[in-house]
Amino acid sequence: MATLTIDGAEVTVEDGITVLQACDLAGIEIPRFCYHERLSIAGNCRMCLVEMERSPKPIASCAMPVADGMVIRTNTPSVRKAREGVMEFLLINHPLDCPICDQGGECDLQDQAMAYGRDRNRFQENKRAVKDKDLGPLVATIMTRCIHCTRCIRFATEIAGVEELGAMGRGEHMEVGTYVENALTSELSGNMIDLCPVGALTSKPYAFTARSWELRKTESIDVLDAVGSNIRVDARGREVVRVLPRLNEDVNEEWISDKTRFAYDGLSRQRLDTPYVRQGGKLKPATWEAAFAAIAERLKGVDGSKIAAIAGDLACAESMLALKDLMAALGSVHIDCRQDGAKLDAANRSSYLFNTTIAGIEEADACLLVGTNPRWEATLVNARLRKRWLAGGFPVGLIGAPVDLTYDVQHLGAGPATLKEIFDGRHDFAQVLKAAERPMIILGMAALARKDGAEILAAGVEIAEAFGMVGDGWNGFNVLHTAAARVAGLDLGFVPGEGGRDVEAILTGAQDGGIEAVYLLGADEIDMNRLGEAFVIYQGHHGDAGAHRADVILPGAAYTEKEATYVNLEGRVQRTARAIFPPGEAREDWTILRALSAELGHALPYDSLAALRTRLEDAAPSFAERGTVRPAAWQPFTATGQMLDAPFGAAVDDFYMTDPICRASETMAKCSTLYVSGGVKATGTDG
């Protein structure tokens with residue numbers, strides 16, 4: 001520990017931190033532009049200058065380590081003069097864009113010019129101008145505003161792992177840009193907008209849409225992947241106009257993926273805003289009463305054994321529980337939340353969680369990836385893996401299709417045969433796992449959604465036990481989900497009951513007549529052609545694949561339009577909050593199911609969200625603890641079948657088109673066309 005004096009007060013801080021951090025801990029504000037606590041120190045903006053006793057000139061506090069006995073002064077005339085001088089230099093070439101700049105009201109340069117700058121400028125010459133760069137469909141550039149803080153360069157290089165931005169030229173000819181004109185190829189590129197302290201990098205889809213003080217801000221959770229990133233939804237009127245990250249050190253730190261940030265325009269397109277009933281082969285608008293009556297009429301006399309339900313990837317816990325209770329009342333055990341057919345056992349919680357936790361990745365010292373591409377399946381998990389790799393001593397092996405994960409990965413093999421070699425100790429990577437103190441394994445959906453998924457899952461468990469991945473205070477066995485609804489569905493037991501059919505069997509039954517009615521709760525990722533002549537009820541918020549096949553459509557609410565519970569891949573219970581109301585006649589999902597149950601003569605025993613959440617906690621005790629991870633007791637198991645020889649494929653073929661919201665988004669369509677179809681980058685594969 002070091003004790004230093006800051007503005008006459010003694011402060012004791014940890015060794016190794018900087019003077020700027022010590023001032024922050026002491027509650028003293030130090031202005032800065034280039035410094036960011038998650039990036040390497042650049043020390044080039046000089047806005048953080050302070051006086052240090054026995055130093056002949058002011059020091060850059062962001063780059064000076066603390067030392068015992070140091071005397072720092074942060075508000076002397078010379079410090080104020082230095083800050084005014086730095087600000088004057090920064091504003092020499094800065095354009096007077098504040099009235100039309102999207103950063104207005106949220107700009108560090110604006111705020112610090114007011115607090116630390118002069119009221120006039122002595123520079124009389126012409127301002128320089130810098131050509132704007134085309135960084136793709138997401139990030140807009142007005143490079144004349146750039147103050148060369150290099151935050152974007154350091155983020156791209158260090159956090160995103162894509163070295164595409166740099167500084168070219170010297171002196172007043174210096175420019176920040178891509179070395180070769182190209183779009184940014186990182187799924188985290190939108191975070192540069194938040195990092196930019198001026199208006200040089202702004203959101204291209206959000207350009208000239210609104211001012212920050214016009215927006216209604218709602219803290220919520222992202223559901224477009226299974227990470228559960230903490231977000232802030234900004235709305236104006238009845239429209240979401242922006243999504244920003246919220247700080248959560250245990251989940252997403254302060255980053256979000258580009259899909260989370262930019263897919264919001266899909267929330268207002270292709271929406272289902274009124275019930276529909278198929279008449280004469282065509283879907284026609286109807287009232288809620290007519291839609292419920294059509295369902296009741298069709299299900300009258302149908303035995304429960306011929307009714308099935310499938311929950312989609314965006315379904316909330318409340319709606320899945322209500323649907324499960326309704327199916328039980330109708331006498332059906334044919335329910336499943338695993339649209340992709342993943343072979344996961346709901347009875348063994350430790351077998352389907354990311355047990356290490358996202359933050360726990362930083363404690364691991366070796367990693368085996370099996371059938372997964374975390375860069376596309378869970379971008380923030382991949383960012384955390386890269387963060388751990390940068391710290392050193394973290395070998396990563398991959399079994400499956402070769403992918404560029406932004407860090408060094410040893411490609412071990414393509415399929416289950418390599419898993420067996422590692423377990424038997426015949427593969428070189430087995431020695432790496434054996435030498436590690438806290439190794440981890442991550443099984444992806446490309447491995448678990450196959451016919452031999454249960455056997456691969458069991459092989460992963462055997463490897464975890466054989467190489468000491470599970471022990472006191474450490475569990476290195478992890479499943480990487482791609483669906484926000486999956487863990488909650490498994491926690492609630494939204495899987496086939498005794499003698500029940502899974503998704504594959506439900507589709508087969510619909511084809512051969514064994515299943516006469518199928519309830520799709522936002523399920524759009526299945527093969528609708530296999531539903532045959534079955535009566536299909538679709539409850540969801542977008543006119544996607546399920547709605548096109550449906551006989552009755554019940555319009556639901558999207559995640560920004562309801563207060564709902566989701567469980568991320570770690571088992572962390574989190575809730576969304578209503579930012580706007582659902583459009584038209586659309587309603588919250590659990591209320592639709594409650595009303596339908598009454599029409600069917602099996603009224604569900606809860607009339608309020610509070611009562612439903614009490615039932616939720618009774619059904620799964622883990623729902624009683626919000627925001628934390630309840631560790632699952634380790635239960636090893638084995639499988640009786642044999643693993644197939646086929647190599648692992650890909651769970652996600654297009655990062656930008658994974659769900660109905662993204663498929664309705666114009667911005668995501670542009671990204672998919674440019675990055676995936678257009679071949680600008682090969683994010684999902686080497687090369």
Side-chain angles (χ1 to χ4, degrees), residues 161 187 225-227 342 344 351-358 360-391 393-423 427-436 438-450 453 456-464 466-467 469-470 475-482 569-570 643 646-653 655 682-686:
E187 295 78 16
D225 59 25
V227 175
L344 297 165
S351 72
Y352 62 78
L353 288 185
F354 199 92
N355 294 286
T356 299
T357 72
I358 298 172
I361 290 171
E362 297 183 30
E363 300 177 26
D365 54 5
C367 181
L368 175 62
L369 303 173
V370 181
T372 182
N373 173 8
R375 186 171 175 184
W376 273 9
E377 295 166 26
T379 306
L380 275 303
V381 170
N382 193 66
R384 195 77 73 139
L385 287 166
R386 173 175 167 79
K387 181 180 180 181
R388 175 62 189 89
W389 173 79
L390 284 173
F394 188 62
V396 181
L398 171 65
I399 302 175
V403 287
D404 174 12
L405 296 179
T406 72
Y407 44 87
D408 291 343
V409 175
Q410 183 182 348
H411 187 246
L412 310 178
T418 309
L419 264 181
K420 195 169 189 323
E421 288 179 15
I422 291 176
F423 177 71
H427 197 287
D428 293 343
F429 202 76
Q431 304 308 314
V432 174
L433 295 176
K434 191 174 293 184
R438 291 191 165 186
M440 62 186 292
I441 183 173
I442 300 178
L443 296 164
M445 290 301 114
L448 302 182
R450 302 166 18 135
I456 293 170
L457 185 66
V461 170
E462 290 175 344
I463 288 175
F467 293 96
M469 294 184 182
V470 181
N475 189 334
F477 180 82
N478 303 289
V479 171
L480 189 68
H481 293 280
T482 56
L569 48 77
E570 311 165 285
M643 293 187 291
F648 299 132
V652 176
D653 295 319
F655 171 74
T683 311
T685 59
D686 273 346

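The residues of the chain are indexed from 1 along the displayed sequence. The figures here come from the full heavy-atom set of this structure, side chains too, leaving out hydrogens, waters and symmetry mates.
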Working to the nearest 0.5 angstrom, can you tell me the gap between [X] [atom1] and [Y] [atom2]?
X    : Y    : atom1 : atom2 : value
W389 : D408 : CH2   : CG    : 4.5 Å
L380 : L569 : CG    : CG    : 10.0 Å
S351 : F477 : OG    : CZ    : 6.5 Å
E462 : I422 : CD    : CD1   : 13.0 Å
L443 : I456 : CG    : CD1   : 8.5 Å
L419 : M643 : CG    : CE    : 5.5 Å

Can you give me the closest heavy-atom contact between [X] and [Y], atom names plus distance?
X    : Y    : answer
D653 : W376 : O-CZ3, 3.2 Å
V432 : P395 : CG1-CG, 3.4 Å
G371 : A446 : O-CB, 3.2 Å
G397 : F429 : N-CZ, 3.4 Å
M440 : A364 : SD-CB, 3.5 Å
H411 : G400 : NE2-O, 2.6 Å

ask   = Which is it for K387 and E362 under the side-chain contact (heavy atoms from CB on, under 4.5 Å) test, yes or no, and what are the steps along the way?
value = CA-CA 8 Å; K387 181 180 180 181; E362 297 183 30; 3.2 Å; yes
Using side-chain heavy atoms (C-beta onward) and a distance below 4.5 Å, is [X] in contact with [Y]?
X    : Y    : answer
T372 : E377 : yes
L412 : H427 : yes
L368 : F467 : no
L457 : V479 : yes
V227 : E570 : no

task = Could you walk me through whether N382 and Y407 pass side-chain contact (heavy atoms from CB on, under 4.5 Å), step by step?
result = CA-CA 9 Å; N382 193 66; Y407 44 87; 2.9 Å; yes
With a 3.5 Å distance limit and no angle check, can you tell me whether [X] reaches the backbone of [Y] through a side-chain donor-acceptor pair?
X    : Y    : result
N478 : I441 : yes
R375 : D404 : yes
Q410 : L398 : no
D365 : R438 : yes
H481 : Y352 : yes
R450 : A646 : yes
N355 : L353 : yes
R386 : T406 : yes
T418 : I399 : no

task = Please say which of I442, L405, V396 ends up in a side chain to side chain contact (heavy atoms under 4.5 Å, CB included) with L385.
result =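 That would be I442; it is the only one of I442, L405, V396 passing the side chain to side chain contact (heavy atoms under 4.5 Å, CB included) with L385.
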request  = May I have the step-by-step check of side-chain contact (heavy atoms from CB on, under 4.5 Å) for F354 and I361, ending in yes or no?
outcome  = CA-CA 10 Å; F354 199 92; I361 290 171; 3.9 Å; yes
